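Letters go in sequence order (proteins before strands), and every chain restarts at 1. Small disclaimer: the values here were computed from a predicted structure and weren't measured.
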Protein chains: 4
Amino acid sequence: MVEAPAPRGRPRDERSHAAIVTAAAELVAEVGYHATSVSAVAARAGVGKDTVYRRWSGKAGLVYEAVFTVTDNSPLPDTGSLEGDLRVLVQGLIDEFSAPAAAAALPGLLADFAADPALRDSIRGTFLRPARERLLELFARAEGRGETVAEVPDTLVLDALVGTVFFHLGIIGERPDRDLARRIAAITAKGIEAR
Amino acid sequence: MVEAPAPRGRPRDERSHAAIVTAAAELVAEVGYHATSVSAVAARAGVGKDTVYRRWSGKAGLVYEAVFTVTDNSPLPDTGSLEGDLRVLVQGLIDEFSAPAAAAALPGLLADFAADPALRDSIRGTFLRPARERLLELFARAEGRGETVAEVPDTLVLDALVGTVFFHLGIIGERPDRDLARRIAAITAKGIEAR
Amino acid sequence: MVEAPAPRGRPRDERSHAAIVTAAAELVAEVGYHATSVSAVAARAGVGKDTVYRRWSGKAGLVYEAVFTVTDNSPLPDTGSLEGDLRVLVQGLIDEFSAPAAAAALPGLLADFAADPALRDSIRGTFLRPARERLLELFARAEGRGETVAEVPDTLVLDALVGTVFFHLGIIGERPDRDLARRIAAITAKGIEAR
Amino acid sequence: MVEAPAPRGRPRDERSHAAIVTAAAELVAEVGYHATSVSAVAARAGVGKDTVYRRWSGKAGLVYEAVFTVTDNSPLPDTGSLEGDLRVLVQGLIDEFSAPAAAAALPGLLADFAADPALRDSIRGTFLRPARERLLELFARAEGRGETVAEVPDTLVLDALVGTVFFHLGIIGERPDRDLARRIAAITAKGIEAR
DNA sequence: AAATAATCGAGACGGTACGTCAGGTCTTAAA
DNA sequence: TTTAAGACCTGACGTACCGTCTCGATTATTT
């Protein structure tokens with residue numbers, strides 16, 4: 001087991017952490033990702049810049065935590081069909097990507113993550129993990145029901161779902177249509193059915 | 001008919017234009033989108049900054065033209081099936097997005113485009129137009145063969161194809177797998193078939 | 001005798017000259033010397049920049065002509081005393097330096113002249129010439145009246161008169177006091193009297 | 001009594017201040033006032049531009065401090081006569097204005113000061129203050145000796161002395177003649193004597 | 001109690017890029 | 001050859017943000 005490394009000196013103030021995250025989320029929603037600066041976040045949080053850099057490596061990491069902290073861990077409802085389950089999953093992505101702060105942050109955020117090897121790895125490892133677990137659970141259910149799924153890497157299916165939603169809403173800026181989740185789920189479900 | 005607005009004064013030097021575009025493409029491929037600056041592009045092109053800003057509104061517009069000028073207008077080969085045609089189309093996207101300059105530029109570029117309303121509109125209007133025309137041609141062929149396609153907006157299908165490739169390669173940084181085009185085409189073709 | 005160099009091609013448009021000078025004088029009075037640019041002068045005059053540079057070497061020479069063209073050549077009135085004559089001469093300098101365009105132009109203009117050897121020489125040769133001629137005339141009258149003047153270079157006296165007025169009004173920005181000419185003339189007259 | 005405003009944050013580095021001032025003085029002496037830029041000063045001082053703009057409003061204020069910091073506070077020697085005392089004072093002005101950096105800076109510097117209301121006020125308040133104090137001391141001595149001085153504002157006498165020296169040396173570019181101080185002092189002393 | 005050590009808010013630090021503007025030159029078609 | 005127009009290269013402007021460093025002042029643990 002890993003020992004805590006014996007904390008010495010003044011402990012970090014947890015309230016600073018919360019204030020920074022809140023300030024970052026607000027700023028991103030108000031002025032966008034590009035116009036959000038670490039200086040401005042620190043100023044709004046009533047905190048020194050060092051206090052931010054002591055906890056995060058830069059704007060990207062900070063905004064990521066500020067915008068995507070609320071991971072929905074509620075179990076995926078069982079709709080009884082692969083397509084129905086996928087629709088719920090996709091609707092979740094749509095809701096997540098349509099939130100004001102997320103919509104304002106996503107393109108710039110993912111660009112910054114993609115440009116940094118360390119951060120890039122955390123996209124699959126952290127950002128996509130919950131969605132991937134849900135997708136695997138969903139596949140398992142389908143198999144349990146006897147629905148066979150074609151031989152296709154789950155990461156590719158996930159990239160297709162996330163990439164489609166991200167590009168459609170985040171890059172193009174399309175408003176989330178009422179039928180969007182249904183259509184994406186329908187195509188994907190039929191597309192990956194065996195036979 | 002629209003009259004040319006009677007050009008007055010010294011005409012723009014076409015060699016400057018070409019030098020700037022070349023310098024931009026090289027720089028992006030060498031140091032990445034973020035580290036590419038208008039000043040550096042101008043310096044490498046042997047041109048004043050004004051000459052750049054006279055023709056482009058900023059880094060985003062310039063890099064876009066530098067990286068995505070070579071529109072492939074060759075007619076889409078007719079493979080005899082929707083899935084086959086889609087595979088060619090998707091492979092074209094993969095090749096386009098995997099080129100060194102494009103791969104280095106895409107995430108930051110699309111983020112900057114998404115952040116500017118004027119540029120954002122040009123994504124559909126310019127960047128996606130050739131691919132969309134190919135897609136429509138491909139749908140027309142399928143109908144001509146009697147293959148019926150489900151009621152689904154072509155822009156959504158396009159966003160799905162482009163979004164998937166962009167996210168998989170550009171954001172996640174996955175290497176373009178040998179089977180990538182085949183798999184995406186297979187899922188999509190089956191997914192949008194009527195029935 | 002000097003031959004005219006056989007004018008070939010389109011002759012210069014004299015109206016351009018006048019338009020440029022007028023535009024320059026107006027601009028200097030409105031926005032000051034620093035904010036006056038050759039581009040702006042040309043634009044206001046409805047003239048190309050080249051047409052300006054073909055006639056003047058730059059902003060300094062142009063503004064000089066625009067602001068100090070109206071040389072007062074009226075003969076200096078004979079007041080009957082050195083001090084009285086000096087007072088009239090100094091009042092003339094004050095009036096000249098207090099005109100809106102001149103006041104706005106002088107400090108920057110003289111600075112630019114001082115920085116360029118060619119222009120610098122023209123301060124004595126052109127700008128100060130009329131005043132110097134008046135001063136010499138004034139000395140001649142004094143001698144004619146039997147008033148003896150101490151051995152002092154006339155250029156130094158002139159520099160003292162002009163420098164005092166220029167510094168007091170142009171640099172410090174003092175408003176031209178009612179007694180200013182009288183006081184300067186009194187000091188100078190007494191100061192240069194023999195004995 | 002005025003409280004020190006409780007300095008917060010990292011204090012300014014005094015070595016930066018000195019390095020900037022030195023670099024500015026050197027540059028002005030080497031390339032002149034016009035060709036001296038804030039960027040070049042910062043680069044030579046090994047300092048960011050922000051560090052310069054944090055302390056000075058622009059080139060004018062910076063160069064002023066760089067060139068005219070060394071105020072000569074030595075007491076004016078008592079020569080026993082108004083004219084002698086004036087000669088010492090004027091010689092001091094000549095020496096000050098003839099120093100390489102000062103000669104290169106003065107015309108442009110005073111032009112920039114004259115163009116900015118805030119800086120303009122500091123000419124009398126700062127630049128001319130030492131000379132004015134000397135002049136007043138000199139008048140007091142004269143009165144103490146029984147030499148009566150005509151009713152004339154001391155600021156006008158000062159403007160005459162400074163203006164004459166500045167115009168003669170700075171604008172016209174005359175070399176400081178051996179007799180210059182003597183002549184100016186003689187004219188002024190006689191000119192302001194009562195009777 | 002004293003010493004040690006990490007944190008805090010504040011803001012200065014050296015860099016770098018921004019987008020604008022002026023300078024003075026050059027190139028066009030028309031006069 | 002001049003004209004109006006305007007593109008050309010150069011280089012300075014003053015601003016903003018980056019991520020680091022330096023203050024004096026806290027706030028904890030260790031001696």
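In terms of heavy atoms, P107(D) sits closest to I171(D) at CB-CD1, 4.1 Å.
Relative ring orientation between H17(B) and W56(B) is described as tilted, the plane-to-plane angle lying within the 30° to 60° band.
In this structure, G58(D) reaches neither bases nor backbone, as no heavy-atom distance under 4.0 Å exists between it and the strands shown.
A salt bridge does not link R55(D) to E65(D): none of the charged nitrogens lies less than 4.0 Å from a carboxylate oxygen.
dA12(F) atom P lies 15 Å from atom CG of L62(D), rounded to whole Å. Here dA12(E) presents its P atom at 16 Å from CZ of R15(D), a figure rounded to the nearest Å. Between E14(C) atom CD and dT2(F) atom P the separation is 13 Å, expressed in whole Å. Across the protein-nucleic acid pair, D13(D) atom CG and dC23(F) atom P stand 9 Å apart, rounded to whole Å. Computed from coordinates, the R8(A) CZ to dT7(E) P distance equals 12 Å when rounded to whole Å. Residue D112(D) contributes atom CG, which lies 15 Å from atom C1' of dG14(F) at whole-angstrom precision. Put simply, NE2 on H34(A) is 12 Å from C1' on dG19(E), counting in whole angstrom units. In this entry the distance linking CD1 of I20(D) with P of dA12(E) reads 13 Å, nearest Å.
For the OP1/OP2 pair of dA4(F) and a distance below 4.0 Å, the side-chain nitrogens and oxygens of S16(C) include at least one atom meeting the criterion. In terms of phosphate contacts, T51(B) brings no side-chain nitrogen or oxygen within less than 4.0 Å of OP1 or OP2 of dA7(F). Note on R54(B): a side-chain N or O is less than 4.0 Å away from OP1 or OP2 of dC8(F). For S39(B), a side-chain nitrogen or oxygen approaches OP1 or OP2 of dC18(E) to under 4.0 Å.
Both A45(D) and Y53(B) sit near DNA chain E, but only A45(D) has its closest nucleotide nearer the 5' end. Heavy-atom nearest nucleotides on DNA chain E were determined for S37(B) and for G9(B), and the one closer to the 5' end corresponds to S37(B). Position along DNA chain F of the nearest nucleotide to A43(C) versus G46(B) favours A43(C) as the more 5'-ward residue. Nearest-nucleotide positions on DNA chain F place R12(B) closer to the 5' end than the other of R12(B) and T36(D).
Contact check for F68(B) versus L109(B): side-chain heavy atoms found under the 4.5 Å cut-off.
With 3.5 Å as the limit, one finds a donor-acceptor pair spanning the side chains of Y33(C) and D112(C).
Of the listed nucleotides (dC18(E), dC9(F), dT4(E)), dC18(E) has the atom at the smallest distance from the side chain of V38(B). Taking only side-chain atoms of R55(A), from C-beta outward, the nucleotide of dC8(F), dG14(F), dT7(E) with the closest atom is dT7(E).
Evaluation of atom-type donor-acceptor distances gives no pair under 3.5 Å for the side chain of R10(B) against the base of dT28(E). Between the side chain of D50(D) and the base of dC18(F), no donor-acceptor pair of N or O atoms lies under 3.5 Å. For dG9(E), the base has no donor-acceptor partner in the side chain of K49(A) [N/O atoms by modelled type, under 3.5 angstrom].
In this structure, the side chain of T126(A) does not engage the main chain of I123(A) through any donor-acceptor pair within 3.5 Å.
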